[in-house]
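We're numbering straight along the sequence, starting at 1.
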Amino acid sequence: MKKIVLSVISIVIVMSFFSLAYAQGNEYEIAEFDLKVELPEGWIALTRDIEENNPNLEELGLNYDELLAQFDQFSIYLGSVRTTPLTEIVVSVIEHEDYQEINNFNLLHNEQLDEFCRHIMSEEDNDKITNFGEENSIDASEIENVKYSGYNIYKNNDITYVVLDSSRTTQNKTVCYQQYTTIVNGNMINITLKEYECEVTPEDSNLLKNIATSLTFGHIDEKDKSILGKFESNNSVKSVSYSLIIAGALAFIIVIVTNKVIDKSKDTN
C-alpha cells in the first residue's frame with residue numbers, strides 16, 4: 001500500500017503547470033485529459049492558468065505560488081469557492097496504474113462497485129486512513145477522523161460514478177463532504193464538495209450532481225470487458241478499494257480557502 005500511496009503522490013513530479021484548464025463561459029476544458037466540465041455561476045473559479053494579480057486571490061486570502069503548488073501536489077485542475085455559505089468544489093484528475101487496469105467504471109458491474117464501497121465504509125478499511133500520514137510522510141493530523149457515512153452509484157450515459165458521503169471533525173469543528181468519483185480512460189476523476197458548515201443541503205447536493213452530469217470527454221477508450229475477470233476475487237477488490245480510499249483521503253487535505261475567508265463567512269452569517 002505504501003507503494004500505491006507514494007505513486008499517487010509522486011505524480012506531481014511529472015505533471016506540468018502548463019497543463020491548464022481553459023474556460024468558455026462556465027464550461028472548463030482540461031485539454032490534457034480531453035474533458036470538459038461546467039462549474040456553477042456566481043462562484044469564484046480558480047484554475048491553473050490564474051494570473052498572479054487576479055483579485056480573487058486577495059479576496060480569498062490566497063498566495064499565488066502556494067495555490068499553484070497545492071494544485072500541482074494534489075492533482076487539482078479546477079477549484080470553485082462560494083463564500084456564503086462557505087463551500088468549495090475541487091476537481092482533480094489522478095493517474096495511477098490501478099486505474100489504468102480498470103480503465104472505466106462503466107465496465108464494472110454494480111455488484112463490484114458496491115463491493116468497493118462496502119470496503120470503504122467498513123471500519124477496518126476506514127481506519128487505514130489514519131495511518132497514511134505516518135507511513136507515507138503525510139501529516140496524519142490532516143486526514144485523521146474522516147468518517148464515511150454513505151454511498152450510492154450514479155450512472156450518466158458513458159460515465160459511472162461512486163458517490164461518497166463523509167465528514168471530518170477536528171478541534172470540535174466538523175466539515176462535510178460529498179464526492180463523485182469515477183474512472184474514465186484509465187484516470188480517476190474526483191469532483192468533491194466541501195461544506196464548512198457541515199450540512200450538504202439538497203440544493204448543494206443537486207448542484208454537485210449537475211457538475212458531475214456536465215462532465216464530458218472528447219473520446220472514451222473502448223476496452224474488452226474480459227478485464228472484469230481479474231476483479232472477481234476479494235483481494236483484487238480490496239486492492240482497488242484501497243486506491244479509492246487513498247484518493248479520497250487526499251481530497252480531504254485539500255484546503256483552498258483560508259482562515260481569512262472562514263472568519264469573513266462567520267461575520268457575514
Shortest non-hydrogen separation from [X] to [Y] and the atoms involved:
{"X": "E38", "Y": "S214", "answer": "N-OG, 2.9 Å"}
{"X": "T181", "Y": "F105", "answer": "O-CE2, 3.7 Å"}
{"X": "N156", "Y": "A212", "answer": "ND2-O, 4.5 Å"}
{"X": "I76", "Y": "Q70", "answer": "CD1-O, 4.1 Å"}
{"X": "I102", "Y": "L107", "answer": "O-CD1, 3.9 Å"}
{"X": "H219", "Y": "D34", "answer": "N-OD2, 3.1 Å"}

Q. Do K155 and T160 have side-chain N/O donor and acceptor atoms under 3.5 Å apart?
A. yes
**Q.** Donor-acceptor side-chain pairing of Y148 and S167 below 3.5 angstrom
**A.** no
Contact between [X] and [Y] at the side-chain level, heavy atoms closer than 4.5 Å - yes or no?
{"X": "L35", "Y": "Y28", "result": "no"}
{"X": "I191", "Y": "L78", "result": "no"}
{"X": "F71", "Y": "L67", "result": "yes"}
{"X": "L215", "Y": "Y180", "result": "no"}
{"X": "N26", "Y": "L39", "result": "no"}
{"X": "R48", "Y": "D72", "result": "yes"}
{"X": "D114", "Y": "Y151", "result": "yes"}

Does any N or O in the side chain of [X] come within less than 3.5 Å of the main-chain N or O of [Y], such that one atom is a donor and the other an acceptor?
{"X": "T87", "Y": "P85", "result": "yes"}
{"X": "S205", "Y": "T201", "result": "no"}
{"X": "E195", "Y": "C176", "result": "no"}
{"X": "R82", "Y": "E88", "result": "no"}
{"X": "K147", "Y": "T169", "result": "no"}

Working to the nearest 0.5 angstrom, can you tell me the gap between [X] [atom1] and [Y] [atom2]?
{"X": "K194", "Y": "L86", "atom1": "NZ", "atom2": "CG", "answer": "9.5 Å"}
{"X": "S80", "Y": "L46", "atom1": "OG", "atom2": "CG", "answer": "7.5 Å"}
{"X": "S92", "Y": "N187", "atom1": "OG", "atom2": "CG", "answer": "11.0 Å"}
{"X": "L164", "Y": "T192", "atom1": "CG", "atom2": "OG1", "answer": "9.0 Å"}
{"X": "L57", "Y": "N63", "atom1": "CG", "atom2": "CG", "answer": "8.5 Å"}
{"X": "E59", "Y": "N54", "atom1": "CD", "atom2": "CG", "answer": "11.0 Å"}

Q.
For N190, run the side-chain contact (heavy atoms from CB on, under 4.5 Å) check against T182, V90, V93, I94 and tell me which one passes.
A. I94
(Q) side-chain contact (heavy atoms from CB on, under 4.5 Å), that's the test. Do V163 and I153 meet it? Break it down for me. (A) CA-CA 6 Å; V163 186; I153 297 169; over 6 Å; no
Q: State yes or no: are the ring centers of F33 and Y77 separated by less than 6.0 Å?
A: yes
Q: Take D221 and N103, measure what side-chain contact (heavy atoms from CB on, under 4.5 Å) needs, and give me the verdict at the end.
A: CA-CA 8 Å; D221 297 338; N103 187 63; 4.2 Å; yes
**Q.** Worked check of side-chain contact (heavy atoms from CB on, under 4.5 Å) between I44 and L60
**A.** CA-CA 9 Å; I44 299 174; L60 296 174; 4.0 Å; yes
